[in-house]
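Each residue takes its place number in the sequence, starting with 1. Ligands are counted one by one from 1 in listed order, and the atoms in each one are counted from 1 as well.
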Amino acid sequence: MAGSMVYRLRVADPTAAHMGTFIKAMTAIQARLDNKSFNFVSGSTWCPGVVLLAPSSKSAYPSAGAAIFTLAPRIPSTPRQILQDQVAGAALPWWDWTQDRVIPRAYSVVSVDSKPNPLRRYRMQVPKTVRNPAISHNTVRSPGSNPQSRLPSKNEIDNVMLDTDWASFSDRLESYHDDVHVWVGGDMTNITTAAFDPIFYAHHCMIDRIWYLWQVKHGNGGIPQALLNLPLEPFGKTFRDVLDVQALGYEYGSAATPINVAGGPQ
Ligand SMILES: [Cu+2]
């Protein structure tokens with residue numbers, strides 16, 4: 001696996017090298033219509049932070065409840081592999097909303113290199129089902145417009161990192177995760193459409209990174225045995241299989257080295 005390891009870096013200006021690679025790969029998967037397309041992956045990605053709190057989900061995982069939330073960003077339905085199939089070395093970047101308190105410029109500029117910016121919005125296509133009508137629209141955001149919404153602070157996340165109990169850490173992190181969805185607004189507040197906004201993945205990547213940093217600090221103790229064997233349908237993996245990010249082919253290379261977001265919104 002060593003040869004295919006990618007490093008996830010912080011969201012930076014669209015001119016940064018790692019952002020250029022990512023943007024190229026995103027443009028490619030958004031242009032596809034098959035099962036390696038952004039549309040396909042986003043349509044089969046739920047936002048478990050919300051879904052697992054629903055009564056029906058709780059009964060499906062009675063012993064887990066909301067606590068299985070942390071594993072969500074590691075489930076292989078994220079566009080991790082399909083991005084790399086398009087452009088070698090392409091990796092999801094993380095949006096550190098404790099520091100970048102606005103939508104990062106890379107996700108808001110209209111064009112990059114005179115081409116439409118694939119991170120700004122996406123025209124989602126969800127076919128009609130028995131229960132729901134078809135959806136076809138460009139994703140929208142309304143950052144900060146909900147007066148009840150706010151981005152979690154660095155202090156709050158630093159504090160969560162000190163929580164030695166995995167289930168409690170997971171629940172608290174989930175709640176901060178929800179806050180970011182509400183703050184971004186628009187399609188990000190709706191579980192059916194959230195994953196179609198390209199910023200969904202930058203947000204979930206940040207959540208995954210926080211869990212990774214927590215694992216480095218506290219290890220994997222405290223996760224109930226039954227949970228470790230929980231199958232993640234339909235991905236053919238268990239919770240245990242996604243504990244080690246390196247085994248999944250990626251690393252948070254810059255975890256200890258903040259990337260200077262030159263020209264970005266500060
Ligand atoms: Cu989410």
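One finds an angle of 100° at the Cu ion (ligand 1) between NE2 on H177 and NE2 on H181, to the nearest 10 degrees.
Note: Y212 and Y250 fail the aromatic proximity criterion, with ring centroids not under 6.0 Å apart.
Residue D113 places its CG atom among 12 or fewer non-hydrogen atoms of other residues, nucleotides or ligands, all under 6.0 Å distant.
Residue H203 does not count as close to the Cu ion (ligand 1), with no N, O or S atom under 2.8 Å.
Applying the salt bridge (Lys or Arg N to Asp or Glu O under 4.0 Å) test to R121 and every residue at least two apart in sequence or in another chain returns nothing.
Applying the side-chain hydrogen bond (donor to acceptor under 3.5 Å, both in side chains) rule to pairs touching residues 137-153 yields H137-D187, R141-D197, S142-S145, R150-E156, S153-E156, sequence neighbours excluded.
The Cu ion (ligand 1) is closest to atom NE2 of H204 (considering only N, O or S atoms).
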